[in-house]
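Working notes, beginning with the structure itself.
Order of appearance sets the numbers: ligands from 1, and atoms from 1 within every ligand. The figures that follow rest on heavy atoms only: side chains count, while hydrogens, waters and symmetry mates do not.
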Amino acid sequence: MIKIIRIEESIFQENEKIADQVRNILRGNNILGINVMGAPGSGKTSFIERTIDVLKDEFKFGVIEGDVEGKVDSEKFLKFNISVIQINTGGGCHLDANMVKKAVSEIDLEQIEILFIENVGNLICPAEFDIGTEKNIVISSITEGDDKIEKYPLIFKVSDLCILNKIDLVPYLDFDFGKFENDLKNISSGSKLIKLSSKTGENFNIWIEYLKGLKREKK
Ligand code: MG
Ligand code: ZN
């Protein structure tokens, strides 16, 4: 007799349960948790950095950094004198709720109003694991090409907001904004799109206002 165990389902079920626990912990402490996903090099860290820099006098921030190895991204937040926890997955290509729960247990939650969780750079499986955040953001930069939604629809579908980054590079690239916008509408009509540059700050205020709105909503 062969017994088949459905590993996949049980993994996701277990993850869902822990993600709900994380969400309750964050909500209980009045913390807005934001999962920042995107490919390596899409600009996740610099996006979070600029956001904190703009709003550091208005909100108390915390950052959880998810990487396979190292702490180069975490070190970029030291200048803000905020709580930063580095998760090294040791090869794992996404964060799961259990990792985030452990990281959250290491932070002084009373010192945080907005918690950014930078997921491992990857457009595939981070989309499949709820990590207990209030909102999911996917960052795609125009250097990656305009076909990312078509090729990796799930991550755009599960995200509440898509940031299209590096628009300052538009003169050097053939990026079809119409195609990108249409693809996003087709897979998720409710998903919002903000085109900006974390480097020059172009349109960054639109994101800042959106984030402030989210925080107000939560209170
Ligand atoms: Mg990074
Ligand atoms: Zn993975």
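The atom of His94 that is an N, O or S and sits closest to the Zn ion (ligand 2) is ND1. As for Glu118, its N/O/S atom nearest the Mg ion (ligand 1) is the one called OE2.
With the Mg ion (ligand 1) as the vertex, atom OD2 of Asp73 and atom OG1 of Thr45 span an angle of 90° (nearest 10 degrees).
Each of Asp130, Asp160, Asn136 was scored for a side-chain hydrogen bond (donor to acceptor under 3.5 Å, both in side chains) with Asn35, with one residue passing: Asn136.
For the residue pair Ser10/Gln13, the side-chain donor-acceptor check at 3.5 Å is not satisfied.
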- Step-by-step salt bridge (Lys or Arg N to Asp or Glu O under 4.0 Å) determination, Lys71 to Glu75: CA-CA 6 Å; Lys71 53 180 168 56; Glu75 284 167 350; 2.9 Å; yes
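Between Phe61 and Phe77, the gap from one ring centroid to the other reaches at least 6.0 Å.
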